[in-house]
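Predicted model, so just to flag it, every value in this text is computed and none were measured. Read the numbers this way: they start at 1 and go in the same order the structure lists the ligands and their atoms.
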Amino acid sequence: MSVDLLLNDATVVVGGREEVRSIGVKSDKIEGIYPIGQEPSANRVIDCSNLYVLPGMVDIHVHLRDLEQEAQEDYRTGTMAAAAGGVTTVLDMPNSVPPVLSRDVLDKKIANAELNRYVNVGFYAGIPKRVEDFDETLVPDILGLKVYPHAPLTEGTKYTRRRIEDCLALAKQHGLPLMFHPDSSNKNAPILTIQDHFVVHDCDSECESLKRFIDAKRRIDGRIHVCHVSCASAARLIAQSRAEDSLTAEVTPHHLLLSGDQFPNNDGVAKMLPPLRSPYDHQVLRQMLCDKCAIDCVASDHAPHTEEKKRAEFLKAASGIPGLETTVPLLLTQVFDGRLSWVDYLRVCCSVPAEIVGLSDKGVLAKGYDADIIVVSREEYRIRGDRFFSKAKITPFEGYRVLARPVMTIVGGEIVFSHGRFVIEAGRAGRVPLRKR
Ligand code: DOR
Ligand code: ZN
Ligand code: ZN
């Protein structure tokens with residue numbers, strides 16, 4: 001028995017401990033993890049001594065833009081950012097221009113992603129103003145439905161109790177999770193000062209929205225996924241309402257590591273929704289990232305905007321920051337700093353996000369899983385936005401010290417990125433659109 005590719009002498013995590021092993025890849029799957037000296041023969045051998053070999057991150061919350069927003073990001077730059085950042089699977093949000101509410105828009109996104117991808121790309125769809133107008137032909141090509149109660153995808157849609165129930169019933173009918181951005185603020189609430197941004201989108205607004213969706217779930221059942229939990233109070237509410245796997249939640253690295261008062265300048269560098277909260281919130285969110293507590297996984301919420309829109313004064317600046325090239329280094333830094341265990345890292349960045357969206361062959365470094373693998377060097381450096389492959393280069397993590405650098409990225413058994421360079425053409429590696437398995 002021989003393999004196509006052997007990653008030799010790598011540090012891998014076995015039962016929560018670092019061990020030296022070799023990893024065999026055959027076609028697009030992991031063929032085996034071998035003790036040193038027991039490797040099969042291989043067409044190609046890569047020495048990974050002193051390097052970590054890990055499953056690539058499965059990032060279930062990413063905005064890749066494209067279509068009419070190519071100035072912000074497109075599938076080429078967005079998936080390059082993913083590969084360079086150690087993310088091998090991305091799930092693209094439907095709040096694009098135009099939004100994903102119909103077959104023709106999804107088809108365009110799939111076609112563009114297929115041609116330009118460097119990693120696996122999956123999609124979400126939104127829900128039309130009249131829920132009964134939902135196009136069921138979208139279902140096989142999406143992994144969830146996403147709603148934005150504070151900023152609906154169609155003008156005039158109101159997230160009444162009735163609409164939330166109908167959206168949840170629709171998701172349930174198709175066996176999909178209903179992903180939502182918890183925010184009950186009124187779209188037209190006046191935001192005249194910087195403070196207003198934080199007050200309008202405060203933790204009460206996050207919790208109120210969360211309660212409405214949890215209430216609907218009590219009546220309808222179905223599966224809910226809470227996007228970017230940012231408040232301690234919201235995490236506690238989730239913890240109290242947990243029932244098996246039907247209520248899941250994610251946190252972003254920025255809501256885990258940054259607080260609003262660290263960014264006093266009048267610009268949009270750290271402007272996002274939900275806003276950055278307090279160090280107290282970080283502490284609680286971090287505690288809630290444990291197994292079966294409130295928060296199941298980490299997602300980047302990569303939300304690229306043009307430099308002009310981020311450099312603008314706070315009130316005029318766009319909300320959202322890039323995250324694909326910082327999430328894995330930041331979370332692995334938590335591991336190397338002794339603040340997160342290996343078991344927790346692998347769970348929150350890889351295996352559980354894959355489970356949430358039904359990708360049962362991803363997120364684990366073991367025989368039979370997809371060969372979506374990253375090689376990571378343990379080294380200290382500082383994050384620099386001007387080095388990003390993403391078109392969005394303004395990050396609140398500018399200058400932040402990290403201890404892990406993804407040096408090689410393998411997608412579906414193909415090496416796509418190696419030591420700062422792309423070594424394959426776009427559109428060759430990975431699957432588009434991802435489908436449930
Ligand atoms: O800050 C944000 N940016 N929050 C969102 O919910 C949307 C996102 C975007 O698409 O830019
Ligand atoms: Zn959001
Ligand atoms: Zn988002």
Side-chain angles (χ1 to χ4, degrees), residues 59-74 78 81-82 87 90-100 109 122-127 143-153 159 177-185 187 191 197-198 200-202 205-206 209-210 213 224-231 234 248-255 258 260 263 267-277 297-310 312 314-324 326-327 353 356-357 390-392 394-397:
D59 191 346
I60 65 171
H61 189 149
V62 168
H63 303 262
L64 293 182
R65 313 291 193 211
D66 213 86
L67 306 181
E68 291 172 33
Q69 292 176 305
E70 279 189 16
Q72 294 170 31
E73 195 81 287
D74 56 40
V87 176
V90 290
L91 265 67
D92 187 28
M93 285 294 170
N95 67 333
S96 44
V97 180
V100 182
K109 283 195 155 194
F123 298 93
Y124 297 112
I127 301 178
L143 294 168
L145 294 167
K146 171 77 188 281
V147 294
Y148 298 83
H150 70 299
L153 297 179
Y159 277 80
L178 182 69
M179 333 282 291
F180 80 107
H181 176 132
D183 187 336
S184 58
S185 68
K187 198 174 178 212
I191 296 189
H197 173 81
F198 292 87
V200 168
H201 303 285
D202 66 2
S205 165
E206 184 164 313
S209 184
L210 188 55
F213 279 75
I224 283 185
H225 178 78
V226 192
C227 294
H228 43 51
V229 176
S230 65
C231 300
T248 54
E250 73 193 26
V251 66
T252 68
H254 44 282
H255 291 113
L258 303 176
F263 298 91
D267 60 34
V269 170
K271 184 176 179 184
M272 75 279 290
L273 285 175
L276 293 178
R277 311 290 186 191
C297 70
V298 169
S300 71
D301 196 5
H302 177 79
H305 290 282
T306 59
E307 172 152 2
E308 192 193 350
K309 279 292 196 186
K310 293 306 287 178
F314 188 90
L315 289 175
K316 292 193 179 136
S319 289
I321 60 163
L324 280 170
T326 47
T327 299
I356 289 172
V357 293
S390 170
K391 291 182 188 177
I394 311 268
T395 167
F397 287 109

Using a distance threshold of 2.8 Å, what protein N/O/S atoms lie below it relative to the Zn ion (ligand 3)?
H61 NE2, H63 NE2, D301 OD1
Got more than 12 heavy atoms from elsewhere within 6.0 Å of CD, E308?
no
Restricting to non-hydrogen atoms, name the atom on L64 and the atom on G78 that form the minimum distance, rounded to 0.1 Å.
CD2-CA, 3.7 Å
Testing E73, K391, R65 for side chain to side chain donor-acceptor pair (under 3.5 Å) with H305, which one passes?
R65
Assess the residue pair D59 and S300 against the criterion (side-chain hydrogen bond (donor to acceptor under 3.5 Å, both in side chains)); give the C-alpha distance rounded to whole Å, side-chain angles, the decisive distance to 0.1 Å, and a yes or no.
CA-CA 7 Å; D59 191 346; S300 71; 2.5 Å; yes
Please check if the number of heavy atoms outside K309 that lie under 6.0 Å from its NZ is greater than 12.
no
Set of salt bridge (charged side-chain N to carboxylate O under 4.0 Å, His left out) partners for E307, sequence neighbours left out:
R311
Using a strict cut-off of under 4.0 Å between a residue heavy atom and any atom of ligand 1, list the qualifying protein residues by chain and number.
H63, R65, N95, H181, M272, L273, A303, H305, S319, G320
Do we see a donor-acceptor contact under 3.5 Å between the side chains of H150 and S185?
no
Would you list the pairs meeting salt bridge (Lys or Arg N to Asp or Glu O under 4.0 Å) in which at least one residue belongs to residues 143-152, sequence neighbours left out?
none
Indicate the ring-plane relationship of F314 and H197, choosing parallel, tilted or perpendicular according to the 30° and 60° boundaries.
perpendicular
